[in-house]
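Letters A, B, ... mirror the listed sequences (proteins, then strands); counts begin at 1. No experiment lies behind these values; they were computed from the predicted model shown.
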Protein chains: 2
Amino acid sequence: MTDTEVVSTWRELSARHAAIVSDLERELQEHHELGVSEFEVLDRLVEGICLSPNGKFRVQELAAGVSLSQSALSRLIARLEKSGFVMRSMCSDDRRGVFVNLTDAGRIRHSEALPTQRRVLRAHLEPESAATTG
Amino acid sequence: MTDTEVVSTWRELSARHAAIVSDLERELQEHHELGVSEFEVLDRLVEGICLSPNGKFRVQELAAGVSLSQSALSRLIARLEKSGFVMRSMCSDDRRGVFVNLTDAGRIRHSEALPTQRRVLRAHLEPESAATTG
DNA sequence: ATGCATTAATTGCTTGTGCATTGAATGCAT
DNA sequence: ATGCATTCAATGCACAAGCAATTAATGCAT
């Protein structure tokens with residue numbers, strides 16, 4: 001693999017990512033007042049309900065999913081809590097930890113936003129939709 | 001293509017991007033005191049020398065390459081100028097426009113940083129290097 | 001039990017980014 | 001030539017992100 005190939009692969013990846021994030025950001029913000037990262041966290045929490053009986057997650061467990069620093073995630077969760085989409089609670093077995101779980105409002109908002117996200121992703125990632133992405 | 005496939009493709013793309021940017025940021029910063037975006041702009045300028053005889057570019061021409069807003073690019077160029085890597089000059093034919101061109105220091109810094117960038121990209125994008133990325 | 005290193009999460013601070021606005025220059029229509 | 005919409009780049013402002021320091025709790029060694 002030549003340098004040129006590596007670089008062009010990287011630029012393609014990078015441009016693709018930027019385009020998708022930009023679209024997602026606009027659409028999610030406009031239709032659901034959610035940022036991309038906010039949606040991501042709600043998404044992980046919804047997914048996790050299947051795994052965790054009570055739907056509660058440690059902050060660090062969420063960090064693994066979204067590519068954010070610890071501090072960014074902490075503030076993001078604070079914003080989500082302020083918006084009423086999640087709740088934070090102490091975990092009894094390790095009192096340093098904090099449990100995060102969805103509220104009804106959070107579940108609802110996520111379910112509303114999900115189709116929007118899927119639509120944008122399809123527009124960019126569906127093989128044949130490259131031409132129809134108007 | 002199922003929703004699940006689209007979403008997992010997106011997550012893979014996203015995680016890949018985040019990992020590469022993170023590594024690039026660290027390595028470029030540590031070894032060359034350059035941010036990823038800063039390097040990108042220098043890189044475009046160097047490339048462009050082949051195309052433009054005098055190596056001068058309009059700000060908006062650079063904007064096409066890097067995925068940044070116009071204002072972000074404006075400030076980025078200001079930072080690069082302050083660091084002595086580029087110069088801004090009026091363009092005579094359209095006095096709204098601003099020409100940007102590399103200085104010697106900019107060319108040198110870019111040539112020093114280039115191998116670092118290539119190394120990081122290879123580590124992530126070379127097929128066989130997945131295991132050897134220590 | 002006490003001290004010390006470690007881990008979880010939050011907070012202070014700085015910086016980079018985007019949106020909207022501004023200021024300047026251009027081009028076009030009248 | 002004059003007026004007006006448009007374009008280029010810079011700037012005010014608000015906000016999100018990362019790093020480093022902080023606070024609180026845990027675990028381990030003595």
Side-chain angles (χ1 to χ4, degrees), chain A residues 14 17-30 33-42 56-83 85-101, chain B residues 14 17-30 33-42 56-83 85-101:
Chain A
S14 191
H17 179 264
I20 297 175
V21 167
S22 168
D23 268 20
L24 272 179
E25 195 71 58
R26 186 168 29 70
E27 295 289 309
L28 288 174
Q29 195 59 251
E30 186 171 315
E33 293 179 18
L34 283 177
V36 172
S37 301
E38 280 79 358
F39 176 82
E40 293 270 306
V41 169
L42 293 184
K56 292 187 175 184
F57 286 86
R58 298 283 293 267
V59 171
Q60 64 181 124
E61 293 177 293
L62 293 170
V66 296
S67 304
L68 282 179
S69 71
Q70 183 195 21
S71 64
L73 185 59
S74 178
R75 288 182 224 265
L76 176 44
I77 290 169
R79 288 198 298 276
L80 288 174
E81 189 178 41
K82 197 174 162 194
S83 303
F85 297 144
V86 304
M87 286 190 63
R88 278 190 284 198
S89 52
M90 289 271 152
C91 43
S92 41
D93 53 332
D94 182 349
R95 290 165 57 212
R96 291 170 301 183
V98 168
F99 277 138
V100 182
N101 64 299
Chain B
S14 192
H17 179 264
I20 297 175
V21 167
S22 169
D23 270 20
L24 273 180
E25 196 72 56
R26 186 170 28 69
E27 295 290 309
L28 288 175
Q29 195 59 249
E30 186 171 314
E33 293 179 19
L34 283 176
V36 173
S37 302
E38 280 80 359
F39 177 82
E40 293 269 306
V41 169
L42 293 184
K56 293 188 173 185
F57 286 87
R58 298 283 294 267
V59 173
Q60 66 181 122
E61 293 177 293
L62 293 170
V66 297
S67 303
L68 281 179
S69 72
Q70 183 251 332
S71 65
L73 184 59
S74 178
R75 288 183 223 263
L76 174 44
I77 291 169
R79 288 198 298 278
L80 287 175
E81 188 178 40
K82 197 174 161 193
S83 303
F85 298 143
V86 304
M87 288 191 60
R88 279 188 284 198
S89 52
M90 289 272 152
C91 41
S92 41
D93 53 331
D94 181 349
R95 291 164 57 210
R96 291 168 302 183
V98 168
F99 276 137
V100 182
N101 64 300

Q: Taking five pairs at each end, how big is the angle between the two axes of the helix from dA1(C)-dT30(D) to dT30(C)-dA1(D), to 10°?
A: 10°
Q: About how many Å separate CD of Gln29(B) and CZ of Arg26(B), when rounded to the nearest 0.5 Å?
A: 11.5 Å
Q: Rounded to whole angstroms, how far apart are CZ on Phe99(A) and C1' on dA9(C)?
A: 14 Å
Q: How many Å lie between CZ on Arg58(A) and P on dT10(C), as a whole number?
A: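 My rounded result for the distance is 11 Å.
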Q: Does the side chain of Ser74(B) get closer than 4.0 angstrom to OP1 or OP2 of dT17(C) through an N or O atom?
A: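 No, outside the criterion.
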Q: Do Leu62(A) and Ile77(A) come close enough that some side-chain heavy atom pair is under 4.5 Å?
A: yes
Q: Toward the 5' end of DNA chain D, which comes first, Gln60(B) or Ser37(A), by nearest nucleotide?
A: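 Mapping each residue to its closest nucleotide by heavy atoms, the 5'-most match is Gln60(B).
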Q: Nearest 0.5 Å please: distance from the CD atom of Glu33(B) over to the OG atom of Ser83(B).
A: 9.0 Å
Q: Do the side chains of Leu42(B) and Leu34(B) get nearer than 4.5 Å, heavy atoms only?
A: yes
Q: Taking C-beta and beyond as the side chain, do Leu73(A) and Val41(A) meet within less than 4.5 Å on heavy atoms?
A: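 Yes, their side chains come closer than 4.5 Å.
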Q: Would you mind classifying the nucleic acid contact of Arg88(A) as base, sugar-phosphate or nothing, using non-hydrogen atoms under 4.0 angstrom?
A: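 Touches sugar-phosphate only.
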Q: Which of residues 75-82 of chain B sit near DNA chain C, with a heavy atom under 4.0 Å from it?
A: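 Within this stretch, Arg75(B), Arg79(B) sit under 4.0 Å of the strand.
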Q: So, Ser74(A) side chain and Gln70(A) main chain: donor-acceptor pair closer than 3.5 Å or not?
A: no
Q: If you check the Arg96(A) side chain, which of dG18(C), dA8(C), dA25(C) turns out closest?
A: dA8(C)
Q: Could you tell me the separation between the CG atom of Asp23(A) and the CD atom of Glu25(A), rounded to the nearest 0.5 Å?
A: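 Here the rounded value is 10.5 Å.
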Q: Just how far, in rounded Å, is C1' of dT10(C) from CE of Met90(A)?
A: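 It is 11 Å, rounded to the nearest whole Å.
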Q: What is the distance, to the nearest angstrom, from the CD atom on Glu25(A) to the C1' atom on dG18(C)?
A: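 Value for this atom pair: 10 Å.
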Q: Reading DNA chain D 5' to 3', which nucleotide is the first, and which the last, to come under 4.0 Å of any heavy atom in chain B?
A: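 Contacts span dT7(D) to dC13(D), reading 5' to 3'.
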Q: In Å, rounded to the nearest 0.5 Å, how long is the span from OG of Ser37(B) to CD of Glu40(B)?
A: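 Interatomic distance, Ser37(B) OG to Glu40(B) CD, rounded to 0.5 Å: 7.0 Å.
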Q: Nearest-nucleotide wise, let me know which of Glu38(A) and Asp93(A) is further upstream toward the 5' end of DNA chain D.
A: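 With Asp93(A) and Glu38(A) compared, the 5'-side residue is Glu38(A).
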Q: To the nearest 0.5 Å, how far apart are CZ in Phe39(B) and CG in Leu24(B)?
A: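 Here the rounded value is 8.5 Å.
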Q: To the nearest angstrom, how far is Leu68(B) atom CG from dT15(C) atom P?
A: 18 Å
Q: Rounded to the nearest 0.5 Å, how far does CZ of Phe99(A) lie from SG of Cys91(A)?
A: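 Cys91(A) atom SG to Phe99(A) atom CZ measures 4.5 Å (nearest 0.5 Å).
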Q: If we only count heavy atoms from C-beta on, is the Asp94(B) to Arg58(B) side-chain gap below 4.5 Å?
A: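 Yes; the side chains approach each other to less than 4.5 Å.
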